[in-house]
Amino acid sequence: MCGLVGIVGKSDIAPEIYDALTVLQHRGQDAAGIMTCSGGRFSQRKSEGLVRDVFRQQHMQNLRGSIGIGHVRYPTAGSSGAALAQPFYVNSPYGIALAHNGNLTNSEQLTRELFQDDLRHLNTDSDSEVLLNVFAHEMQTLGKLNPTADDIFTAVAAVHQRCRGGYAAVGLVVNYGVLGFRDPLGIRPLVVGVREGALGAEYMLASESVALDVLGFSLISDVAPGEAVFIDMDGVLHRRQCARSPSLRPCIFEHVYFARPDSLMDEISVYKTRMRQGEALGKKIRRLRPDLQIDVIIPIPDTSRIAAQSMAHELGIKFREGLMKNRYIGRTFIMPGQSQRKKSVRQKLNPVPLEFDGKNVMLVDDSIVRGTTCRQIIEMARDAGAAQVFFASAAPPVRYPNVYGIDMPSASELIAHGRTVEEVCELIGADWLVYQDLDDLVRCSMEGNPDVDGFDCSVFNGEYITGDVDQIYLDRVESLRNDDAQSQRRAALQADGALVGIHNDA
């Protein structure tokens, strides 16, 4: 999962892109980058690390221009390194930069086509570079010296014909403007907003509406599935549907975990969705175990807090903050390697003994992926004196890998894959475990916007909505994503220094 920003302003906009990326830091902690354009020249700064660490004052001073794009990244196939930081850039045609959130499921096929048919060289193994080169090739085939908004949309339509998977992208064409587009199923999010000023309207594209809010932009709308948005150098907004059969089927895991609760996604409040998740889970607990003695409900911070609060209200049970979080430790879901994840959990959370000692505790988390984190937290609760430890997941069992841009572990490393709820409960060491029902999870999100055609729930039900994911593809995902394979890639990168690539420090 990654975070995207694109701005067309009236003055130097790099500081505002920086601020927006900071707001979207939760979407990626591996690398960050900004690219701006002024006087027909690109300026860029990108590197591994958090936004605050990648950009220093001297970098920001060199990022000149009133149009630009930015990106925060975490790797979707385990690869990491400075050369994979985005945005990516090609000099032909025009000079085009692009940043991407998602994953192309036909990346290997496209890589072959780009080399054999389009005569284009790829510098990394990133499917984001593939997407950029597909778009650049389609722009070049138009043969226009001065492309128009219509030409941009024609190229995006061709991208939709060639590319499969989940993707949202922001791009920058030298001296022409900023564009954004979203896959025909709207799996990955993208919004557009406007800010009126004395010099005229300024426009912004972002992965989440919260980035617009912080910078004083008003949300115009989500970018529709298959739609492309182009803001030219004069600050004129152009929009067009570029897909033949678009359908709104966003990733439901955004509502469960990734998105900030103060964001609106496809007109759905993430905050209210998580409230409904807690209410539904509370009703299920009452239905399954009406006599269950729970003394206190404690969330595992931060993404489960809203669901836990509404669950406590539904059940009429005390809600307490019993786990204190060290906010200088990153999200364990994104941590590379099992040993690193185990170490970070103990550094990240510490129990308040008074809230556990002698009590029957219901711990609430947004989901259970590997089971490593919740197992250690249950051990913490028992060490703090809990009499019984129950565990509730606001999401159904995660049994299948994600192929649309979330670095979900390989299937064999998902604790619920091939196991019953009772078996998972035993493995994590809980006295009782309850999961959200998938139908309830979908209803909680659908209630926010009944016009949504459905959701990508593939991590829960194994149904991949693009229709091109088979067992052969999943086996390849397994070989790329398991911890052993990722450790080998990291060791190879350390031995070689870095992936071959162009890395500019603006």
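- Between Leu219 atom CG and Ser209 atom OG the span is 6.0 Å, to the nearest 0.5 Å.
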For this session: Please assess Gln25 against Gln29 for the test side-chain hydrogen bond (donor to acceptor under 3.5 Å, both in side chains), listing each intermediate value before the final yes or no.
Result: CA-CA 6 Å; Gln25 186 74 85; Gln29 302 173 7; over 6 Å; no

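- Shortest non-hydrogen contact noted between Asp127 and Ser107 is CB-OG, 3.5 Å.
- Ion pair Lys283/Glu279 not flagged as a salt bridge, since none of the NZ, NE, NH1 or NH2 atoms sits closer than 4.0 Å to an Asp/Glu carboxylate oxygen.
- Every pair passing salt bridge (charged side-chain N to carboxylate O under 4.0 Å, His left out) that includes a residue from residues 240-253 is listed here, sequence neighbours excluded: Asp150-Arg240.
- Side chain of Asn402 to main chain of Gly405: a donor-acceptor pair is present (N/O by atom type, distance under 3.5 Å, no hydrogens or angles).
- Looking at heavy atoms from C-beta onward, Asn449 lies in side-chain contact with Val452 at the 4.5 angstrom threshold.
- In this structure, Tyr167 and Val159 approach most closely via the heavy-atom pair OH-O, 4.2 Å.
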For this session: Evaluate side-chain hydrogen bond (donor to acceptor under 3.5 Å, both in side chains) for Thr273 paired with His255, printing each intermediate quantity in order.
Result: CA-CA 7 Å; Thr273 294; His255 300 167; 4.5 Å; no

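- The residue from Lys348, Met324, Lys325 that alone fulfils the side chain to side chain contact (heavy atoms under 4.5 Å, CB included) condition with Pro301 is Lys325.
- Ionic pairing of Glu208 and Arg27 is present here: one or more N-O contacts between side-chain nitrogen and carboxylate oxygen are shorter than 4.0 angstrom.
- No side-chain heavy atom of Val270 sits less than 4.5 Å from a side-chain heavy atom of Leu264.
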For this session: Begin from the C-alpha positions of Leu215 and Ile7 and carry the test side-chain contact (heavy atoms from CB on, under 4.5 Å) through to its verdict.
Result: CA-CA 11 Å; Leu215 270 68; Ile7 298 179; 4.1 Å; yes

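- In this structure, Asp222 has no side chain to side chain donor-acceptor pair (under 3.5 Å) partners at least two apart in sequence or on a different chain.
- His59 and Arg56 make their closest contact through ND1-N, 2.8 Å (heavy atoms, listed as atom of the first residue, atom of the second, distance).
- Listed for the Thr466 side chain is no donor-acceptor partner under 3.5 Å among the backbone atoms of Arg164.
- Sorted pairs that involve residues 165-175 and meet salt bridge (charged side-chain N to carboxylate O under 4.0 Å, His left out), not counting sequence neighbours, are lacking altogether.
- The shortest distance between side-chain heavy atoms of Cys163 and Leu110 falls below 4.5 Å.
- Residues Glu48 and Arg73 are not paired through a salt bridge, judged by the lack of any N-O separation under 4.0 Å between the basic side chain and the carboxylate.
- A 6.0 Å sphere centred on OH of Tyr271 holds no more than 12 heavy atoms belonging to other residues, nucleotides or ligands.
- A 6.0 Å sphere centred on CZ of Arg64 holds no more than 12 heavy atoms belonging to other residues, nucleotides or ligands.
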Run the side-chain donor-acceptor check on residues 169-180: report pairs under 3.5 Å with partners two or more places apart or on a different chain.
residue: Asn175; atom: OD1; partner: Gly40; partner atom: N; Å: 3.3
residue: Tyr176; atom: OH; partner: Leu145; partner atom: O; Å: 3.2
residue: Tyr176; atom: OH; partner: Asn146; partner atom: OD1; Å: 3.1

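- Taking the side chain to side chain donor-acceptor pair (under 3.5 Å) definition, one finds that Gln61 meets it with nothing, sequence neighbours left out.
- Note on Lys10 versus Glu202: no salt bridge recorded, every NZ/NE/NH1/NH2 to OD/OE distance being 4.0 Å or above.
- Between Glu16 and Arg195 there is a side-chain heavy-atom pair separated by less than 4.5 Å.
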For this session: Go through Thr148 and Asp151 one step at a time and tell me if the side-chain hydrogen bond (donor to acceptor under 3.5 Å, both in side chains) criterion holds.
Result: CA-CA 5 Å; Thr148 64; Asp151 296 322; 3.2 Å; yes

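- Distance CG/Leu363 to OG/Ser393: 12.0 Å, rounded to 0.5 Å.
- Closest approach of Val54 and Arg45 over heavy atoms only: O-NE, 2.8 Å.
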For this session: Carefully, step by step, assess Arg162 and Glu138 under the rule salt bridge (Lys or Arg N to Asp or Glu O under 4.0 Å).
Result: CA-CA 10 Å; Arg162 295 182 65 179; Glu138 297 303 331; 2.9 Å; yes

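- When atom types are taken as modelled, the side chain of Gln44 and the backbone of Ala97 share no donor-acceptor pair closer than 3.5 angstrom.
- In this structure, Arg239 CZ and Ser221 OG are separated by 3.5 Å, a value rounded to the nearest 0.5 Å.
- Distance alone, capped at 3.5 Å, is enough to place a donor-acceptor pair between the Asp183 side chain and the Gly186 backbone.
- The shortest side-chain heavy-atom distance between Phe181 and Val223 does not fall under the 4.5 Å cut-off.
- Within a 6.0 Å radius of CZ in Arg41, other residues, nucleotides and ligands contribute 12 heavy atoms or fewer.
- Annotation: side chain of Ser126 is in contact with side chain of Phe88 (closest heavy-atom distance under 4.5 Å).
- Annotation: side chain of Met446 is not in contact with side chain of Arg276 (no heavy-atom distance under 4.5 Å).
- A heavy-atom distance below 4.5 Å is not found between the side chains of Asp437 and Pro396.
- Taking the charged nitrogens against the carboxylate oxygens, Arg120 and Asp118 have no contact shorter than 4.0 Å, which rules out a salt bridge.
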Problem set entry | Working for side-chain hydrogen bond (donor to acceptor under 3.5 Å, both in side chains), residues Ser128 and Gln86 | CA-CA 8 Å; Ser128 302; Gln86 296 184 39; 2.8 Å; yes

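- Aromatic ring centroids of Tyr400 and Phe460 lie 6.0 Å or more apart.
- Considering all non-hydrogen atoms of both residues, Thr105 and Tyr473 come closest at O-CE1, 3.1 Å.
- Rounding to the nearest 0.5 angstrom, the gap separating the OG1 atom in Thr303 from the NE2 atom in His26 is 10.5 Å.
- The number of heavy-atom neighbours closer than 6.0 Å to NE2 of His238, taken from other residues, nucleotides and ligands shown, is above 12.
- Across all their heavy atoms, Glu463 and Asp456 have their closest contact at O-OD1, 4.2 Å.
- A distance of 9.5 Å separates CZ in Arg320 from CD1 in Ile298, rounded to the nearest 0.5 Å.
- The salt bridge (charged side-chain N to carboxylate O under 4.0 Å, His left out) analysis of residues 100-109, with sequence neighbours excluded, yields the pairs Glu108-Arg476.
- To the nearest 0.5 Å, atom CG of residue Asp366 and atom CZ of residue Arg274 are 7.5 Å apart.
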